[in-house]
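Data first, discussion second: the structure below is written as structure tokens.
Sequence lines set the chain letters: A, B, ... in the order given, protein chains first and strands last, and positions in each chain run from 1. As the structure is a prediction and not an experimental result, all values here were calculated from the model.
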Amino acid sequence: MKILVCISHVPDTTSKINFTDNDSAFDTNGVQFVIGPNDEFGLTRAMWFKEKQGASVDVVTVGEKDAEPTIRKTLAIGADKAIRVDTKPIDAFQVAEEIADVAKNGGYDLVIAGRESIDYNGGMVPGMVAKMIGANFINTCVSLEIENETATAIREIDGGKETLTSDLPLVIGGQKGLVEEKDLRIPNMRGIMMARKKPLEVKAPVAEKPLVEFKKFSKPAPKGDVKLVDAENIDELIDLLHNEAKAI
Amino acid sequence: MSILIYAESENKKLKKVAYEVASYASSIAENTQDEVVAVTINVENTEELGKYGVHKVLNVQNENLNTFNVDHYSDILTKAAEEVNANILVLSQSANAKYLAPLVSVNLKAGYASNVVELPELDNGFQVKRNVFTNKAFGMAEITTDKKIIGLSSNAFGLHEKETTAENIDFNPEISDSNIKVQSVDKNTDKVSIADAEIVVSGGRGLKGPENWGMIEELADVLDAATACSKPVSDMGWRPHSEHVGQTGKPVASNLYIAVGISGAIQHLAGINASKTKVVINTDEEAPFFKAADYGVVGDAFEVVPQLIEKLKEFKANNA
Ligand SMILES: Cc1cc2nc3c(=O)[nH]c(=O)nc-3n(C[C@H](O)[C@H](O)[C@H](O)COP(=O)(O)OP(=O)(O)OC[C@H]3O[C@@H](n4cnc5c(N)ncnc54)[C@H](O)[C@@H]3O)c2cc1C
Ligand SMILES: Nc1ncnc2c1ncn2[C@@H]1O[C@H](COP(=O)(O)O)[C@@H](O)[C@H]1O
């Protein structure tokens, strides 16, 4: 089985978000970039397929050179080959077209992406890739088994779960649950050394122009001070929620 | 031209998000004079959509569509968009809508913006305001294609009545095969889901252990709310993973979010910041959540929550 894992290169979850160039671009100053948390679960599941079922695992990221340390990390964790499509990711459609091109040419059976990225978090790329390459698609995937070319997956739905089966090729939008959090891997020294010898292919972009473009960013208005209610006076809280906030 | 909405339903009844997307679409139509058309799948009574400015309902009735299937449903929406020559498609951000929207986007080659929180601005191209960086910021996204898809964040726009009469039209496009088979659905039907809830009551590590969740559930019960929790609470197995909210869990965009014994870490707040009113109950007045909340009680959850339940019961009885 050939697996392709899509890796988004995103600001660490503790990052403070600021903008520059007249609020038209994300300010990367002082921001640490990591593998998208949903992608990390997917990568770890892919490693399981590699170790238990002999799958090969390639990773792809659509991004400029600054994304390379992030994908090197996936090689150190155990991916076999990394592909970077050398272009600035602007919108989901464009990113999906790039990934679809890699997926088609590589003949992958399974494409693992994250449910959503945590930067522009559209939750759009995986489904678009699936449709573009004519593969089946399962989103918000919290469990994935593959036996005899058939996938059995659990998808989170609003208020519960659903068990689905599908043939390959398949694209999933994965998330926490795919593997246990304690099984997530941190690159060790040996992995880092080995990663240096693994291929990191840089590929020219193929996509036409994006369909959606960010023009300006803003931050939520600063909040007014919290109104404190005395623990002995819960009636006041109910009154505020009812009359002021109109929330109950 | 027209604006198409996907009016979602459950057990043959329209869901609140259906009225929300209808309200949103009919507000756009006030400017553009477009016709507002809804697609419904196996809905018994679609009349109510007329209250929110829908002119026409493409009513699909097909026993094979009782269970959601992403291929079938995205196919229907694509065909409906073509049928009525829709230039804008509006969907909610339910798990199912988020699942199918990217497929429709590729089918129609329509630019898609998700997590949208306001009406589009039309003076400078077609721009929508959407949540980015998991609610830490907003971005104005310009959709440059002729056909556009908008995923409307829940509770962002609210309900706006606009009386029309919704004409009902049978719509039964041919449905292609799907290789995806739903084997079983495991759904808690007597509980409100986090996505659908107007109010969410959430507990953190401050509650000490799973045995103390009775009062959280009771509080949720009184308020008709969904229950949620912080990440460590689900990691320790006190609560199911599906209740984990935050940047790496489920997003919450409720009208009211009550956090009990939650410190307010940046990753937690990022996921719940889209909620309108936030209340925190925490013993530590220095807890970061107090900076993010609208109302706060500095106090012990084990004393405050039971009181709150009692007082809310009284309030409900008096306001029934
Ligand atoms: C990559 C990454 C992603 C993450 N994603 C998420 C996420 O999506 N969601 C999330 O929630 N977290 C997330 N976290 C974890 C986050 O950083 C915090 O650790 C977590 O939110 C803390 O949970 P808590 O508030 O329940 O616990 P704590 O931080 O332990 O806080 C417990 C609070 O309870 C209060 N308390 C104690 N006793 C009482 C009492 N009797 N009555 C009232 N209050 C009391 C304490 O004062 C304290 O403020 C993430 C972390 C990382 C590194
Ligand atoms: N620039 C990118 N390069 C590679 N994969 C990406 C990129 N952007 C998004 N993805 C994948 O698509 C998923 C969903 O992203 P999004 O649609 O942006 O929310 C991510 O979790 C990644 O797996």
By a 4.5 Å heavy-atom criterion (distance strictly below it), what part of [X] contacts chain B: side chain, backbone, both, or neither?
{"X": "A/F93", "answer": "side chain"}
{"X": "A/I17", "answer": "side chain"}
{"X": "A/T14", "answer": "both"}
{"X": "A/F137", "answer": "both"}
{"X": "A/L237", "answer": "side chain"}

Give the member of [options] that has the highest number of heavy-atom pairs under 4.5 Å with chain A.
{"options": "B/V192, B/N107, B/V279, B/L100", "value": "B/N107"}
{"options": "B/H244, B/K276, B/E310", "value": "B/H244"}
{"options": "B/K191, B/E10, B/R130, B/E243", "value": "B/R130"}
{"options": "B/Q93, B/E314, B/E198, B/H241", "value": "B/H241"}
{"options": "B/S105, B/G299, B/G151", "value": "B/S105"}
{"options": "B/V280, B/V70, B/L308", "value": "B/L308"}

Can you confirm whether [X] is buried at [atom1], in the sense that more than 12 heavy atoms of other residues, nucleotides or ligands lie under 6.0 Å from that atom?
{"X": "B/D146", "atom1": "CG", "answer": "no"}
{"X": "A/N243", "atom1": "CG", "answer": "yes"}
{"X": "B/N318", "atom1": "CG", "answer": "yes"}
{"X": "A/D66", "atom1": "CG", "answer": "yes"}

Relative to chain A, which segment of [X] carries a heavy atom at a distance below 4.5 Å: side chain, backbone, both, or neither?
{"X": "B/A101", "answer": "neither"}
{"X": "B/N131", "answer": "backbone"}
{"X": "B/K181", "answer": "both"}
{"X": "B/S184", "answer": "both"}
{"X": "B/A270", "answer": "neither"}
{"X": "B/N124", "answer": "neither"}
{"X": "B/I199", "answer": "side chain"}

Hey, does [Y] have a side-chain heavy atom less than 4.5 Å from the side chain of [X]?
{"X": "B/V297", "Y": "A/E236", "value": "no"}
{"X": "B/S114", "Y": "A/M124", "value": "yes"}
{"X": "A/T13", "Y": "B/T134", "value": "no"}
{"X": "B/F68", "Y": "A/I157", "value": "no"}
{"X": "B/D294", "Y": "A/V226", "value": "no"}

Roughly how far, to the nearest 0.5 Å, is the [atom2] atom of [Y] from the [atom1] atom of [X]?
{"X": "A/R115", "Y": "B/K98", "atom1": "CZ", "atom2": "NZ", "value": "7.0 Å"}
{"X": "A/E232", "Y": "B/Q307", "atom1": "CD", "atom2": "CD", "value": "6.0 Å"}
{"X": "A/D158", "Y": "B/N188", "atom1": "CG", "atom2": "CG", "value": "13.0 Å"}

* Kindly determine whether A/I248 and B/F315 satisfy side chain to side chain contact (heavy atoms under 4.5 Å, CB included), including the steps that lead there. => CA-CA 10 Å; A/I248 57 173; B/F315 169 80; 3.9 Å; yes
* Do we see a donor-acceptor contact under 3.5 Å between the side chains of A/T163 and B/Q183? -> no
* Asked: Any luck finding a side-chain donor-acceptor pair between B/T144 and A/K209 under 3.5 Å?
  ->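 Result is no, nothing qualifies.
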Identify whether the distance between the nearest side-chain nitrogen and carboxylate oxygen of [X] and [Y] falls below 4.0 Å.
{"X": "A/K176", "Y": "B/D235", "result": "yes"}
{"X": "A/K161", "Y": "B/D186", "result": "no"}
{"X": "B/K250", "Y": "A/E156", "result": "yes"}

* Residues B/K291, A/K223; criterion side chain to side chain contact (heavy atoms under 4.5 Å, CB included); working and verdict -> CA-CA 8 Å; B/K291 291 216 167 61; A/K223 270 199 52 60; over 6 Å; no
Could you have a look at [options] and say which one has the most heavy-atom pairs with chain B under 4.5 angstrom?
{"options": "A/G123, A/A130, A/P220", "answer": "A/P220"}
{"options": "A/K219, A/E244, A/K246, A/E116", "answer": "A/E244"}
{"options": "A/P126, A/A245, A/P37", "answer": "A/A245"}
{"options": "A/G160, A/P210, A/G159, A/S117", "answer": "A/G159"}
{"options": "A/L228, A/T165, A/L241", "answer": "A/T165"}

* Which is it for A/E181 and B/K231 under the side chain to side chain contact (heavy atoms under 4.5 Å, CB included) test, yes or no, and what are the steps along the way? -> CA-CA 11 Å; A/E181 184 135 355; B/K231 182 168 178 289; 2.7 Å; yes
Mind listing the closest non-hydrogen atom pair of [X] and [Y] along with its distance?
{"X": "B/V132", "Y": "A/F217", "answer": "CG2-CD2, 4.2 Å"}
{"X": "B/K311", "Y": "A/I234", "answer": "CG-CG2, 4.1 Å"}
{"X": "B/K129", "Y": "A/S218", "answer": "CE-OG, 4.3 Å"}
{"X": "A/I138", "Y": "B/Y99", "answer": "CA-OH, 3.4 Å"}
{"X": "A/P11", "Y": "B/F133", "answer": "CG-CE2, 3.9 Å"}
{"X": "B/I266", "Y": "A/S15", "answer": "CD1-O, 3.9 Å"}

* Please walk me through it: do A/K215 and B/E121 pass salt bridge (charged side-chain N to carboxylate O under 4.0 Å, His left out)? -> CA-CA 12 Å; A/K215 293 291 168 188; B/E121 284 180 15; over 6 Å; no
* B/Y112 and A/V212: side chain to side chain contact (heavy atoms under 4.5 Å, CB included), yes or no, with the steps? -> CA-CA 7 Å; B/Y112 166 39; A/V212 181; 5.7 Å; no
* Could you point out which residue of B/I180, B/N96, B/V182 forms a side chain to side chain contact (heavy atoms under 4.5 Å, CB included) with A/R155? =>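 Answer to the side chain to side chain contact (heavy atoms under 4.5 Å, CB included) test with A/R155 among B/I180, B/N96, B/V182: B/N96.
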* Asked: Counting distance only, does the side-chain N/O of A/S166 pair as donor-acceptor with the main-chain N or O of B/N179 below 3.5 Å?
  ->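 Not a single qualifying donor-acceptor pair exists.
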